[in-house]
Amino acid sequence: IGRPIANTRVYLLDGDGGPVPFGAVGELYIGGAGVARGYLNRPELTAERFLVDPFSAEAGARMYRTGDLARYLPDGNLEFFGRNDDQVKIRGFRIEPGEIAARLAEHASVREAVVVAREDRAGDKHLVAYVVCAPAAESDQDDGGALAATLRAHVSAHLPDYMVPSAFVRVAVLPLTPNGKLDRKALPAPDDEAYARAAYEPPRGEIETALAELWAELLGVARVGRHDHFFELGGHS
C-alpha cells in the first residue's frame, strides 16, 4: 500500500500502543495534518478511533486508529495484512490469519491463500488453510498430503507452532459472496488429504493399533499410520 503521503505520519503499533519491530505486523495508525477531528455526531466512535498522538510534539495532536494490519517491507513500503477484527484466539493465543496467509502466498506453489479458524468438533477450534495452487503446481501429481507437508514445512520455518495451520485444503477457487467477500460458509471441511501425512504403513501390534484407533477418533481422520505425526494431523496439547 505504499508510503505515507506528504504531511502524514504512519505508526505500526502493538496491542499496548508501542511501535512494533521493523518487519513485524502491527496495527496501522495515521497522524499528521490529514487527520480529521472525528466523526460527525458520533462521539463514542470518535473517542475509539481518534486518539492522542503520543509521538507528536504538537499540542493536541491526534492520530487515527485504522484497524488495518500492516508491516514494513525492506524497501520502506507498507504491506497490508488484513483487518484486526479478523483476529482469532486459539488455545490462549491471539492470531492474525492474514499473516499466515501472506506467508503461504510466498510459496511458489501457491497463487492464493486464506486461513480461517474452524470448529468442526465442539470445543476444538483449529486453523485451516485454503489454497489455490499456482498454474505450475496444478499439474503436480503429488497428493494432498504431500502438498500439506510441503506447505506446513514452509510455514513452520517462518512462524511459531501455534500459527501453523492444522490442515491445508486445495481448492480450485476461493468462494466469494455476491459483494466479493470470502464466503466462509462455502469453504469445505478438511478431509484426510488435507493433513501432512507420511507414506501410510499400518500400525503393528496391539498397542500401536489401539493408539491409532484413539488418534483417529480424537482427530476425526479415517486412518492413522504408524509413521503419522500427532500434531501434524491436527492434534494439540
Side-chain angles (χ1 to χ4, degrees), residues 25 68-71 79-91 93-198 216 218-223 228-236:
V25 175
D68 292 334
L69 300 170
R71 70 170 177 179
E79 181 178 18
F80 178 66
F81 267 92
R83 297 280 302 169
N84 68 350
D85 45 19
D86 289 334
Q87 280 187 347
V88 296
K89 190 173 183 180
I90 297 181
R91 296 186 290 280
F93 294 103
R94 290 197 175 277
I95 296 170
E96 306 288 356
E99 184 175 359
I100 306 170
R103 284 296 184 187
L104 280 168
E106 293 172 355
H107 195 278
S109 296
V110 177
R111 189 179 72 194
E112 289 183 274
V114 65
V115 176
V116 302
R118 293 186 66 103
E119 192 170 350
D120 296 313
R121 298 184 297 276
D124 182 22
K125 185 182 291 186
H126 58 285
L127 296 171
V128 177
Y130 292 88
V131 174
V132 178
C133 287
E138 287 291 351
S139 59
D140 196 339
Q141 297 301 309
D142 286 345
D143 61 20
L147 176 67
T150 298
L151 296 181
R152 183 182 181 89
H154 170 73
V155 175
S156 297
H158 297 90
L159 297 174
D161 288 345
Y162 66 85
M163 294 182 70
V164 178
S166 300
F168 299 81
V169 181
R170 184 188 303 199
V171 293
V173 294
L174 295 176
L176 302 177
T177 63
N179 61 2
K181 294 184 178 181
L182 179 68
D183 187 353
R184 296 173 182 269
K185 294 181 179 179
L187 292 170
D191 58 18
D192 278 16
E193 292 296 308
Y195 297 92
R197 310 185 70 113
L218 177 65
L219 302 174
V221 296
R223 69 179 186 180
D228 284 328
H229 192 295
F230 179 78
F231 296 104
E232 292 180 0
L233 291 181
H236 56 82

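Remember, it's a predicted structure, so these values are computed and weren't measured experimentally.
- The list of side-chain hydrogen bond (donor to acceptor under 3.5 Å, both in side chains) pairs with a residue in residues 179-188, not counting sequence neighbours, reads Thr177-Asn179.
- The backbone N or O of Pro165 lies less than 3.5 Å from a partner atom in the side chain of Arg152, making a donor-acceptor pair.
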Give the intermediate values and the outcome of side chain to side chain contact (heavy atoms under 4.5 Å, CB included) for residues Val116 and Tyr130. CA-CA 8 Å; Val116 302; Tyr130 292 88; 3.6 Å; yes
Can you give me every donor-acceptor pair (side chain of residues 95-108, partner residue at least two apart or in another chain, under 3.5 Å) with its distance?
| from | atom 1 | to | atom 2 | distance (Å) |
| --- | --- | --- | --- | --- |
| Glu96 | OE2 | Gln87 | NE2 | 2.5 |
| Arg103 | NH1 | Glu106 | OE1 | 3.2 |
| Arg103 | NH1 | Glu106 | OE2 | 3.4 |
| His107 | ND1 | Ser109 | N | 3.0 |

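- Residues passing the ring pair (Phe, Tyr, Trp, His ring centres under 6.0 Å) test with Tyr162 are Phe93, sequence neighbours excluded.
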Step by step, would you call Val164 with Leu127 a side chain to side chain contact (heavy atoms under 4.5 Å, CB included)? CA-CA 7 Å; Val164 178; Leu127 296 171; over 6 Å; no
Could you walk me through whether Glu112 and Val173 pass the side chain to side chain contact (heavy atoms under 4.5 Å, CB included) check? CA-CA 9 Å; Glu112 289 183 274; Val173 294; over 6 Å; no
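- Using a 4.5 Å heavy-atom cutoff, the side chains of Pro188 and Val169 are in contact.
- Of all heavy-atom pairs spanning Val132 and Ala172, the tightest one is CG1-O, 3.4 Å.
- Screening residues 171-190 for ring-ring contact (aromatic ring centres under 6.0 Å, His included) gives no qualifying pairs among residues at least two apart or on separate chains.
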Worked check of side chain to side chain contact (heavy atoms under 4.5 Å, CB included) between Cys133 and Arg170: CA-CA 7 Å; Cys133 287; Arg170 184 188 303 199; 3.7 Å; yes
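- Closest of all the heavy-atom pairs between Arg118 and Pro190 is NE-CD, 4.0 Å.
- When the side-chain hydrogen bond (donor to acceptor under 3.5 Å, both in side chains) test is applied to Glu79, the partners found at least two apart in sequence or on another chain are Arg71.
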